[in-house]
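Worksheet: one structure, shown below.
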Number of protein chains: 2
Amino acid sequence: MTRVSFKAQMLRAREEAIVAAVNRLLAEKGFDAMTVDAVAADVGIAKASLYKHFSSKEALAGAAMIGVLERAIAQVERLEQDASHATELDRLKALTRWTMQVQLAGEMPSLPAQNSALRAALIGNKTYLDRLMRLSDLLGAWIVAGQQAGRLDAGLPPEVVLYTLFARACDPVLSLLKAGGNHGDEQIIEMLMRTCFTGLAR
Amino acid sequence: MTRVSFKAQMLRAREEAIVAAVNRLLAEKGFDAMTVDAVAADVGIAKASLYKHFSSKEALAGAAMIGVLERAIAQVERLEQDASHATELDRLKALTRWTMQVQLAGEMPSLPAQNSALRAALIGNKTYLDRLMRLSDLLGAWIVAGQQAGRLDAGLPPEVVLYTLFARACDPVLSLLKAGGNHGDEQIIEMLMRTCFTGLAR
DNA sequence: GTCTATATCAAGATAGAC
DNA sequence: GTCTATCTTGATATAGAC
């Protein structure tokens with residue numbers, strides 16, 4: 001029985017609309033500057049209605065983060081199939097490129113590194129933790145394989161490589177260059193891919 | 001005449017104490033989580049007195065940023081003299097290392113990338129802009145020279161190299177690794193120097 | 001210039017009717 | 001579950017006495 005009531009469908013659609021608005025606002029203004037009023041206005045419902053779906057501002061952010069993590073996982077699984085990316089390094093590069101594209105498209109929610117209330121809420125969010133660990137495991141496997149194949153620096157703990165790649169998703173250099181207006185999106189991405197994988201020195 | 005009144009000395013000392021407190025709190029909690037009450041408490045004066053010295057919270061942050069920029073400039077000038085850093089690349093590396101040490105010591109104020117009120121205030125702060133440009137010019141010269149000498153990737157616009165190095169001052173990977181507790185400070189710095197200058201790939 | 005006390009306001013969250 | 005109206009709090013900033 002996969003039959004779902006009309007009401008449940010509407011509910012789900014509304015929650016998706018909420019998460020989409022949160023995602024957009026989080027990418028545009030960041031967590032602290034995003035107000036719950038703005039989310040409600042963007043969705044077109046009353047603020048009190050929002051709180052029937054999500055219990056707090058932190059819960060809203062958590063839902064948005066789960067959304068991007070799931071999109072990233074889906075992307076990873078797509079790349080696993082794709083024969084055009086033969087090596088693990090190729091796949092890591094493709095995923096990093098995708099990450100930057102999402103950011104340039106204004107769809108990458110960015111959370112402050114230091115916000116204790118938010119961190120506490122995320123740590124208590126089982127679904128969020130599950131998705132984060134799943135993505136970390138998938139990428140960790142690629143990283144270790146890449147190191148064994150001699151294509152990634154094996155002198156770095158896999159953890160360090162993982163964090164460094166995660167950090168590309170919120171790299172301020174990207175928005176700085178974008179704001180500068182001297183380079184196109186594709187060009188920006190290629191330059192940052194270069195600094196990330198081959199470094200600044202020669 | 002370098003004679004300065006005792007009163008003026010006290011004033012200056014107090015303002016330095018304020019800036020030191022702001023710097024510490026900015027490094028620890030970030031701009032949004034830092035409250036003016038906390039600054040006042042840390043300095044040990046009333047909040048109203050703070051506002052006699054600085055006109056706004058943004059002005060406080062500006063003063064702290066000017067402080068680190070001036071420390072960085074002093075460091076650059078020191079490195080210019082130091083014969084043990086022969087090439088420009090060596091100097092850039094030394095400065096980057098210093099930057100990370102400051103961050104690990106909890107003395108690097110971190111501002112949110114997206115905060116319009118703060119950005120507006122900083123852009124209107126002549127001294128801040130002057131120090132920022134001066135530091136950029138000094139580093140820009142090293143970068144161009146390094147590229148001409150073939151030690152830095154000459155395919156990257158100097159601007160991109162500059163931003164990438166600036167970003168090391170607030171790299172979230174540093175605090176992540178520190179929080180993980182699996183590596184010592186020196187080890188963390190050496191690993192991030194490697195990802196920065198020689199990249200992840202081999 | 002420093003203090004205590006207060007104005008002011010933005011924003012997260014909730015009450016209660018429908 | 002949705003709404004309008006309201007509560008509550010925390011934080012920036014200021015008044016006014018000394």
Side-chain angles (χ1 to χ4, degrees), chain A residues 4-19 21-22 25-26 28-64 111-112 114-122 124-125, chain B residues 4-19 21-22 25-26 28-64 111-112 114-122 124-125:
Chain A
V4 182
S5 77
F6 179 72
K7 233 166 133 180
Q9 279 186 44
M10 290 304 295
L11 191 81
R12 188 189 176 89
R14 168 132 305 178
E15 297 205 337
E16 278 170 6
I18 293 172
V19 173
V22 171
L25 287 167
L26 233 35
E28 184 188 329
K29 317 163 80 98
F31 181 78
D32 291 305
M34 177 187 83
T35 68
V36 179
D37 289 85
V39 176
D42 198 284
V43 180
I45 63 176
K47 182 164 56 167
S49 305
L50 257 192
Y51 278 95
K52 297 286 179 179
H53 293 274
F54 298 92
S55 62
S56 68
K57 184 184 179 183
E58 284 76 21
L60 285 172
L111 304 184
Q114 320 140 312
N115 181 321
S116 43
L118 179 56
R119 286 194 75 80
L122 287 178
N125 187 325
Chain B
V4 181
S5 77
F6 178 72
K7 232 167 134 179
Q9 278 186 44
M10 290 305 294
L11 190 81
R12 187 188 176 91
R14 168 131 304 176
E15 297 206 337
E16 276 170 7
I18 293 171
V19 172
V22 170
L25 288 167
L26 233 33
E28 184 188 328
K29 318 165 79 100
F31 181 77
D32 291 305
M34 178 188 83
T35 68
V36 178
D37 289 86
V39 176
D42 199 284
V43 180
I45 62 174
K47 183 162 56 168
S49 305
L50 259 191
Y51 279 96
K52 297 284 179 180
H53 293 275
F54 297 92
S55 62
S56 69
K57 184 183 178 184
E58 285 75 23
L60 285 172
L111 305 184
Q114 318 141 313
N115 183 320
S116 42
L118 179 57
R119 288 194 75 80
L122 287 179
N125 187 325

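Every chain is numbered from 1, with letters handed out A, B, ... down the list of sequences. The structure displayed is predicted, hence computed values, not measured ones.
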From the options C:dA13, D:dT14, D:dT4, select the nucleotide whose nearest atom is closest to the side chain of A:Glu58.
C:dA13
Under 4.0 Å between any heavy atoms, over every strand shown, what does A:Met34 touch: base, sugar-phosphate, or nothing? Just pick one.
sugar-phosphate
5'-most contact on DNA chain C: A:Lys52 or A:Lys57, nearest heavy atom basis?
A:Lys57
Calculate the interatomic distance between A:Asp37 atom CG and D:dC7 atom C1'; express it in whole Å.
14 Å
Distance test, side-chain N/O of B:Ser49 to OP1/OP2 of C:dC3, below 4.0 Å:
yes
Can you find a side chain N or O atom of A:Tyr51 that sits less than 4.0 Å from OP1 or OP2 on C:dA13?
yes
Candidates C:dC3, D:dA13, C:dG1 - which lies nearest the side chain of B:Ser56
D:dA13
Can you measure B:Glu15 atom CD to C:dT2 atom C1' for me and round it to whole angstrom units?
14 Å
Which of D:dC3, C:dG12, D:dT12 is nearest the side chain of A:Ile45? It is D:dC3
Between B:Pro112 and B:Phe31, the two heavy atoms sitting closest are CD-CB, 3.5 Å
For the side chain of A:Thr35, counting heavy atoms from C-beta on, which of D:dT4, D:dT12, C:dG12 is nearest?
C:dG12
Give the rounded distance in Å between these two atoms: CG of A:Leu50 and P of C:dA11.
15 Å
Whole-Å gap separating P (C:dA10) and CG (A:Asp32)
17 Å
Could you state the atom-to-atom distance from NZ of B:Lys7 to C1' of C:dG1 in whole Å?
9 Å
Here the gap from B:Leu11 atom CG to B:Glu15 atom CD, rounded to the nearest 0.5 Å, amounts to 5.0 Å
What distance do A:Lys57 atom NZ and A:Asp32 atom CG have between them, rounded to the nearest 0.5 Å?
6.0 Å
Integer-rounded Å distance: C:dG1 P and B:His53 NE2:
7 Å
Rounded to whole angstrom units, what separation is found between the CG atom of B:Asn115 and the C1' atom of D:dT12?
14 Å
Whole-Å gap separating P (C:dG16) and NZ (A:Lys47):
18 Å
Please name the pair of heavy atoms, one in B:Leu118 and one in B:Glu58, separated by the smallest distance, quoted to 0.1 Å.
CA-CG, 3.8 Å
Gap between atom CG of A:Leu50 and atom CD1 of A:Ile45 - 0.5 Å precision
4.5 Å
